[in-house]
*Asks:* 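The structure that follows is given in the form of structure tokens.
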Amino acid sequence: MSVTQTMKELLPELTRSERKAAEYMISHPVDVVRYSSSDAIAGLSGCSRSAVVRLAKRLGFSGFHEFKIRLAKELNEYVSDSSTFISDYYMKALEELKSVEKSASVYAASDLLKKARHIYCYGFSHSRYSAKQAAFRMVRNGLRAEVLDFAVGLKEYAGIITGDDAIVVFSISGGAQSGSPVQDLRYFDRPDGPRIILFTMTSHSPAERHADVTVLLPCVSRMAPDAIIDDAPVFYIAIELLLEAMAGR
């Protein structure tokens, strides 16, 4: 029996906090593999770290790390099944992006960036590649843009980036996991702070409270909860939609 199936059968026996963790991990197993700690999953599921660890032990594992290894192995076995068409999930995401393309949020983001003296692009961990792509495409289109060093952190730029500038942030979870560096956007919450555009795949994320504009994108990995699939292509397409809006086409 798979780990997710075991969790489903165990649900009636779990505490309220453990059930929240289990229900999240059943719906989003890829997040469990993507994020490295029990703290991250606790933040995403809205429960405590101890509840995540207790759940792993209830399932017969020594801890969360061993549980995650087992789940990753099961997901890899699913991907190797030749009957799985990963392209179908990307096609579904493309369909959903049609509504994003003409959305008010994309045009609002475009208006803010057109007024910006300088554009800074930021993404933590895997999302930094989307930030690099955004900066590259903006420079190619004649804009002043650069990538923020994710290793340095947003806090260190708080005294450098001004109200004439803009920050474009790429974050799948929108800073939902505990200790996420994206939460450092709070250091820009000041009258003379820069405009902030957030591209995320998580609605009502913590980072939204710091953003002037939030563009909510489809999360392809959550459409395929049993497969390891990358969300970066969705960010890349969203960058192109933003540039088209800025060009007025």
Side-chain angles (χ1 to χ4, degrees), residues 93 97 100-177 180-190 192-220 230-249:
L97 280 168
V100 176
E101 182 173 2
K102 303 298 182 182
S103 67
S105 60
V106 167
Y107 285 111
S110 167
D111 290 340
L112 287 181
L113 293 180
K114 285 178 182 178
K115 300 172 185 175
R117 179 192 63 179
H118 199 94
I119 302 169
Y120 297 88
C121 301
Y122 178 80
F124 177 71
S125 188
H126 186 56
S127 296
R128 73 182 185 273
Y129 296 107
S130 297
K132 290 177 67 174
Q133 175 70 5
F136 169 74
R137 293 291 291 125
M138 288 178 185
V139 170
R140 285 288 298 270
N141 280 269
L143 300 169
R144 293 186 63 194
E146 67 178 278
V147 183
L148 289 181
D149 187 343
F150 82 99
V152 173
L154 286 167
K155 182 180 178 181
E156 300 304 319
Y157 289 95
I160 300 172
I161 302 175
T162 73
D164 294 324
D165 305 322
I167 305 175
V168 182
V169 180
F170 297 88
S171 175
I172 293 171
S173 71
Q177 65 268 39
S180 168
V182 177
Q183 294 173 4
D184 284 347
L185 285 172
R186 66 185 183 275
Y187 291 107
F188 297 95
D189 285 346
R190 60 181 195 270
D192 62 339
R195 302 303 91 191
I196 297 174
I197 294 96
L198 171 66
F199 282 88
T200 185
M201 298 176 185
T202 303
S203 60
H204 309 296
S205 66
E208 283 190 44
R209 69 174 68 101
H210 309 298
D212 295 280
V213 177
T214 298
V215 181
L216 184 62
L217 303 171
C219 185
V220 69
D230 199 345
D231 291 299
V234 176
F235 276 145
Y236 280 38
I237 294 171
I239 292 165
E240 298 307 314
L241 301 185
L242 176 63
L243 290 172
E244 284 295 301
M246 293 180 72
R249 292 190 287 267

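Keep in mind it's a predicted model, so treat the numbers as computed, not measured. Note: hydrogens, waters and symmetry copies are ignored here, and every other heavy atom, side chains too, is used.
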*Asks:* Supply the atom-to-atom distance Ser110 OG to Lys115 NZ, rounded to the nearest 0.5 angstrom.
*Replies:* 10.0 Å
*Asks:* Restricting to side-chain hydrogen bond (donor to acceptor under 3.5 Å, both in side chains), what partner residues turn up for His126, sequence neighbours left out?
*Replies:* Asp230
*Asks:* Would you give the length of the straight line joining atom OH of Tyr122 to atom NZ of Lys132, rounded to the nearest 0.5 angstrom?
*Replies:*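 Going from OH on Tyr122 over to NZ on Lys132, the span is 14.5 Å.
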*Asks:* Nearest 0.5 Å, what's the CZ-CZ distance between Arg186 and Arg209?
*Replies:*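 Those atoms lie 10.0 Å apart.
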*Asks:* List the residues meeting side-chain hydrogen bond (donor to acceptor under 3.5 Å, both in side chains) with Arg190, not counting sequence neighbours, and say none if there are none.
*Replies:*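 Here the qualifying residues are Asp192.
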*Asks:* Restricting to non-hydrogen atoms, name the atom on Cys121 and the atom on Met138 that form the minimum distance, rounded to 0.1 Å.
*Replies:*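 Closest approach of Cys121 to Met138: SG-SD, 4.1 Å.
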*Asks:* Ignoring hydrogens and angles, write down the donor-acceptor pairs under 3.5 Å from the side chains of residues 148-164, residues two or more places apart or on other chains.
*Replies:*
unit_1	atom_1	unit_2	atom_2	d
Asp149	OD1	Ala151	N	2.9
Tyr157	OH	Asp149	N	3.3
Thr162	OG1	Arg117	NH2	3.4
Thr162	OG1	Asp164	N	3.2
Thr162	OG1	Asp165	OD2	3.3

*Asks:* Can you list the residues that meet the side-chain hydrogen bond (donor to acceptor under 3.5 Å, both in side chains) rule with Glu240, with sequence neighbours excluded?
*Replies:* Arg137
*Asks:* Val182 and Ala207: which non-hydrogen atoms are nearest, and at how many Å?
*Replies:* CG1-CB, 3.9 Å
*Asks:* Using distance only, find each side-chain donor-acceptor pair of residues 193-201 under 3.5 Å and give its atom names and separation, not counting sequence neighbours.
*Replies:*
unit_1	atom_1	unit_2	atom_2	d
Arg195	NH1	Asp212	OD1	3.0
Arg195	NH2	Gly193	O	3.0
Thr200	OG1	Ser171	O	2.8
Thr200	OG1	Ile172	O	3.2
Thr200	OG1	Gly174	N	3.4
Thr200	OG1	Thr202	N	3.3

*Asks:* Could you tell me whether the side chain of Tyr236 reaches within less than 4.5 Å of the side chain of Tyr129, counting heavy atoms only?
*Replies:*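 Sidechains of Tyr236 and Tyr129: in contact.
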*Asks:* Taking all atoms of both residues into account, what is the closest heavy-atom pair of Val106 and Leu242, and its distance?
*Replies:*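 Answer, listing the atom of Val106 first, then Leu242: O-CD1, 4.0 Å.
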*Asks:* Using a 3.5 Å distance criterion without hydrogens, assess whether the side chain of Glu101 forms a donor-acceptor pair with backbone atoms of Leu241.
*Replies:* no
*Asks:* Partners of Glu146 by side-chain hydrogen bond (donor to acceptor under 3.5 Å, both in side chains), sequence neighbours excluded?
*Replies:* His118
*Asks:* Return the OH to NZ distance between Tyr107 and Lys102, rounded to the nearest 0.5 Å.
*Replies:* 4.0 Å
*Asks:* Got a second to check how far Leu143's CG is from Leu243's CG, nearest 0.5 Å?
*Replies:*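 Here the rounded value is 7.0 Å.
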*Asks:* Should Ser180 and Phe124 be marked as a side chain to side chain contact (heavy atoms under 4.5 Å, CB included) after you check the CA-CA gap, both sets of side-chain angles, and the distance that decides it?
*Replies:* CA-CA 9 Å; Ser180 168; Phe124 177 71; 5.7 Å; no
*Asks:* Might you point out which heavy atoms bring Ser130 and Ile239 nearest each other, and give the distance in Å?
*Replies:* O-CD1, 3.5 Å
*Asks:* Looking only at heavy atoms, what is the nearest atom pair of Ser173 and Ser205, with distance?
*Replies:*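 Heavy atoms only, the tightest pair is O-CB, 3.5 Å.
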*Asks:* Identify the two heavy atoms, one from Met246 and one from Lys114, that lie closest to each other, and give their separation to 0.1 Å.
*Replies:* O-CE, 3.0 Å
*Asks:* Going by heavy atoms in the side chains, are Pro218 and Val234 under 4.5 Å from each other?
*Replies:*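 A side-chain contact under 4.5 Å exists here.
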